[in-house]
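Right, one structure below, let's go through it.
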There are 2 protein chains.
Amino acid sequence: MSAAKHDVFQAIADPTRREVLRLLASNELAISEITAHFPISRTAIAKHLHILSEANLVSGKKAGREKIYQLHPEPLTEVKQWLSYYEQFWDNKLSILKHVVENDNEDRFKGRKKDQE
Amino acid sequence: MSAAKHDVFQAIADPTRREVLRLLASNELAISEITAHFPISRTAIAKHLHILSEANLVSGKKAGREKIYQLHPEPLTEVKQWLSYYEQFWDNKLSILKHVVENDNEDRFKGRKKDQE
DNA sequence: TAAATATAAAACCATTTGGTTTCATTTCAA
DNA sequence: TTGAAATGAAACCAAATGGTTTTATATTTA
């Protein structure tokens with residue numbers, strides 16, 4: 001499974017691809033149906049779908065002459081996890097505590113110390 | 001201010017840039033100090049910092065002959081918000097409830113004509 | 001069966017990306 | 001004060017990106 005050529009961070013970097021994901025969140029759709037929502041060619045959309053598919057964010061099944069694409073949001077958890085590290089910085093209320101408890105309070109208080117051994 | 005040329009999704013798409021952010025999460029660092037952690041040139045790192053800076057994820061202040069870069073994680077909230085839409089799909093336990101409460105229960109039930117459960 | 005629909009695949013293209021090397025400038029330190 | 005350190009800036013490069021157009025193939029449908 002899991003084609004690794006395109007990772008999820010790269011897949012969601014493009015705004016068109018993010019819109020495609022949003023469309024598929026409501027409904028599975030054929031390539032042409034997706035294309036109808038954008039000002040670019042069907043071929044371009046097909047390429048975006050291919051990239052999303054390599055990141056395992058969508059999959060396509062053939063149905064007659066159509067190819068129906070479906071959302072698979074699971075790989076987004078990787079982004080969520082990555083992001084969770086930074087939550088300590090913006091939710092100062094409880095996340096600092098959480099961070100301190102989970103890790104060590106050390107790196108919250110050391111300034112810039114020149115060398116990072 | 002806020003240069004909009006590079007958005008945050010694009011900024012975090014590159015793994016080197018994600019590592020740079022992680023380094024800066026512990027400490028502010030000069031360009032050379034950052035470079036020491038990577039196999040690529042100082043110039044390449046400087047370009048990555050420029051892109052991160054355009055996304056307002058870092059800022060640099062001159063200190064003598066050094067330029068010290070600092071993390072500004074706030075723009076990551078945009079990613080978090082984008083992602084929150086998809087939480088309804090993976091955490092079915094409480095996120096559906098959360099989604100319903102925060103937004104309206106409307107969009108839970110509107111679109112999905114065909115599939116999905 | 002013939003025309004229309006839906007997609008696939010390939011060739012092509014301009015721009016962006018992620019690097020490099022080289023040279024200039026500023027600042028620190030011996 | 002002279003050299004090393006840190007950065008900036010520019011020129012260059014190969015590969016990837018995000019598009020296009022063209023051609024071919026399979027599937028409906030009139």
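A note on names: the letters A, B, ... follow the listed sequences, proteins ahead of strands, and every chain is numbered from 1. Scope of the values below: all heavy atoms of this structure, side chains included, with no hydrogens, waters or symmetry mates. All values reported here derive from a predicted model rather than from experimental measurement.
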OP1 or OP2 of [N] sitting under 4.0 Å from any side-chain N/O of [X]?
X	N	value
His48(B)	dT17(C)	no
His50(A)	dA9(C)	no
Ser41(B)	dT20(C)	yes
Arg42(B)	dT20(C)	no

field: Listed once per pair and sorted, the ring-ring contact (aromatic ring centres under 6.0 Å, His included) pairs that draw on residues 9-29 of chain A, sequence neighbours left out
entry: Phe9(A)-Trp82(A)
- prompt: Are Asp14(A) and Lys47(A) close enough for a salt bridge, meaning some N to O gap below 4.0 Å?
  reply: no
Could you state the [atom1]-[atom2] distance from [X] to [N], rounded to the nearest angstrom?
X	N	atom1	atom2	result
Asp14(B)	dT17(C)	CG	C1'	9 Å
Lys47(A)	dT7(C)	NZ	C1'	14 Å
Asp7(A)	dT17(D)	CG	C1'	15 Å
Ile40(B)	dT17(C)	CD1	P	15 Å
Gln10(B)	dA16(D)	CD	C1'	13 Å
Leu49(A)	dT7(C)	CG	C1'	12 Å

- prompt: Any donor-acceptor pair under 3.5 Å linking the side chain of Glu33(A) with the backbone of Ala30(A)?
  reply: yes
message: I'd like to know if the side chain of Arg17(A) reaches the main chain of Ala11(A), judged simply by a donor and an acceptor atom lying under 3.5 Å from each other, with no hydrogens or angles considered.
response: yes
task: Classify the side chain of Lys67(B) and the base of dG8(D) as holding, or not holding, a donor-acceptor pair under 3.5 Å.
output: no
- prompt: Residues from residues 30-39 of chain A sitting under 4.0 Å of DNA chain D, heavy atoms only?
  reply: none
query: Any luck finding a side-chain donor-acceptor pair between Ser59(B) and His72(B) under 3.5 Å?
result: yes
field: Residue list, side chain to side chain contact (heavy atoms under 4.5 Å, CB included) with Pro75(B), at least two apart or on another chain
entry: Val8(B), Asn56(B), Leu57(B)
message: Test of understanding: with side chain to side chain contact (heavy atoms under 4.5 Å, CB included), list the residues that count as partners of Ser41(A), not counting sequence neighbours.
response: Thr43(A), Ala44(A)
Earlier contact from the 5' end, DNA chain D, for Arg17(A) and Ala46(B): Ala46(B)
field: Test applied, side chain to side chain contact (heavy atoms under 4.5 Å, CB included); reference residue, Leu29(A); option that passes from Ile68(A), Leu23(A), Thr35(A), Leu71(A)
entry: Leu23(A)
query: Lys61(B): what forms a salt bridge (charged side-chain N to carboxylate O under 4.0 Å, His left out) with it, not counting sequence neighbours?
result: Glu28(B)
- prompt: How does protein reach along nucleotides 25-30 of chain D, written 5' to 3' as B (base within reach of a heavy atom under 4.0 Å), S (only sugar-phosphate), or - (no contact)?
  reply: --BB--
- request: Could you say whether Thr43(B) or Ile51(B) is positioned toward the 5' end of DNA chain C, judged by the nucleotide with the nearest heavy atom to each?
  value: Ile51(B)
